[in-house]
Amino acid sequence: MSTIPSAKLKALLTSNSDLSKASLGTRIMLTRMRLEVQNNPASIDAVVSELQQTTDTKPQLAADLANI
Amino acid sequence: MKNELLSVAEAAERIQSGDVLVVAGSSNLMAQLPTGKWIGGSTAYFVTENGGAVVQDKLFCTTIDDATDATVRVVSPEEVATISKGYKAGGFTVILVPAMTDAHIRFALDSANDADLFDQPLVGWVTGVHLDKLGSDASVVVDGSTGAKLENAAVLLHVELPAGSSVDFDIVNIFSQGEEMSVVFSETGFTARTAKVNGVEVNLAQYLTDNAIDTRLPLVANYAGSMVNVSVQTVDVADGRVDFYAPIVAGMEYKLAAPQPDYAAAFANSIGEAGVGQYSCNCILNYLYGDLEGKKTGGFTGPVTFGEIAYILLNQTLVKLDVKAA
């Protein structure tokens, strides 16, 4: 599976959009990451990088996010 | 999966035949079961085929007949961030945790620090006792592989499924976010003293009391489209604190739920007659506040619990899991 562009991940992390097509686990995990960014905006690059690494190793998560 | 109320002898027969089971009921009854591939948790309350009921002479058994194997594992409060270490690829894990213990608290606060926690469905519940026996009986979990009864640990059942199986896992929340009360906390935890309510910093206990807020309604957070509840346990104005049954999360916007006039009808509307053959649990607060004794809530049957787990700790929610064969 191709890597999800970091710009897309950044947009996901800085929005409040519903992810109704994603699995429950993806919704919860992404919300926790969004909150981390909201509580500490300076962490955005680190959280994007963390999410990128996570999607690289978890095909189900990558598929979930690719379909959003 | 098969969901049944069984006698001790019937449950024992299943276990001895090698079936994989999740058992709910009296700790005294579970103590009579043989060792095998099962885990158990204490509760006296159930949603049965005939509606909500207190059952103390039988055990509610979910037989996971799709399982090709299962491993029972106990984790201490300090080890809750290692839950995923036992995941079996393509399977799912059931977790039971005793109420109001370090294991309960540490699970709620620490388990999601494990980045692999979300790799497969993690379903479960917080065990309890009959409300008449609060303070005298202990909430327990049982490691069925040894028969050990545990009062301060989480017990896990890591289930293996045939290749190509899929697991449908979600929550059913009959509550929605109301429009009148937005709450944001500055610290994560089971207790809050202050919060921003509609943008204004207040003592939360005083605010809830002064405004006659119905604390049977949960605070509802929107997790990217999934509504997640946290329920109020106690409001102590004298001490200026509010305790919750699950952690409130710093920075998350919660909204007081819109009133729910008929819990049983709301469940029926949400889930119809679905539920037969699925694993599920429903919250004791729904049972009590919704007066569910004797009332049916669709086709879902299962234990009534003191907190529900769908990766994280939830309140006032039905959690459901279904296995689809390859």
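The sequence lines fix the lettering, A, B, ..., with proteins before strands; numbering per chain opens at 1.
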Worksheet item: Which residue pairs pass the ring-ring contact (aromatic ring centres under 6.0 Å, His included) test when at least one of the two sits in residues 22-63 of chain A, sequence neighbours left out?
Response: none
Worksheet, complete the sentence: So, the part of A/L35 with a heavy atom under 4.5 Å from chain B: the answer is side chain
Between chain B and chain A, donor-acceptor distances below 3.5 angstrom:
| residue | atom | partner | partner atom | Å |
| --- | --- | --- | --- | --- |
| B/D116 | OD1 | A/K58 | NZ | 2.6 |
| B/D119 | OD1 | A/K58 | NZ | 3.0 |
| B/D119 | OD2 | A/K58 | NZ | 3.0 |
| B/A224 | N | A/T31 | OG1 | 3.4 |
| B/A224 | O | A/L19 | N | 2.8 |
| B/G225 | N | A/D18 | OD1 | 3.4 |
| B/S226 | OG | A/R27 | NH1 | 2.5 |
| B/A250 | O | A/N39 | ND2 | 3.1 |
| B/G251 | O | A/Q38 | NE2 | 2.8 |

Discussion item. To the nearest 0.5 Å, what is the distance between CG on B/L321 and CG on A/L24?
Written reply: 11.0 Å
Worksheet entry | Results of side-chain contact (heavy atoms from CB on, under 4.5 Å) for B/A108 - residues two or more places apart only | B/F190, B/P247, B/L313
Worksheet item: What residue, out of B/P121, B/A250, B/A115, has the most heavy-atom pairs lying under 4.5 Å from chain A?
Response: B/A250
Item to complete: For B/A24, enumerate each residue passing the side-chain contact (heavy atoms from CB on, under 4.5 Å) test, keeping only those at least two apart in sequence or located in another chain.
Response: B/T43, B/F46, B/F60, B/W125, B/P303
Discussion item. Is B/A221 close to chain A through its backbone or its side chain, or both, or neither, when contacts mean heavy atoms under 4.5 Å?
Written reply: neither
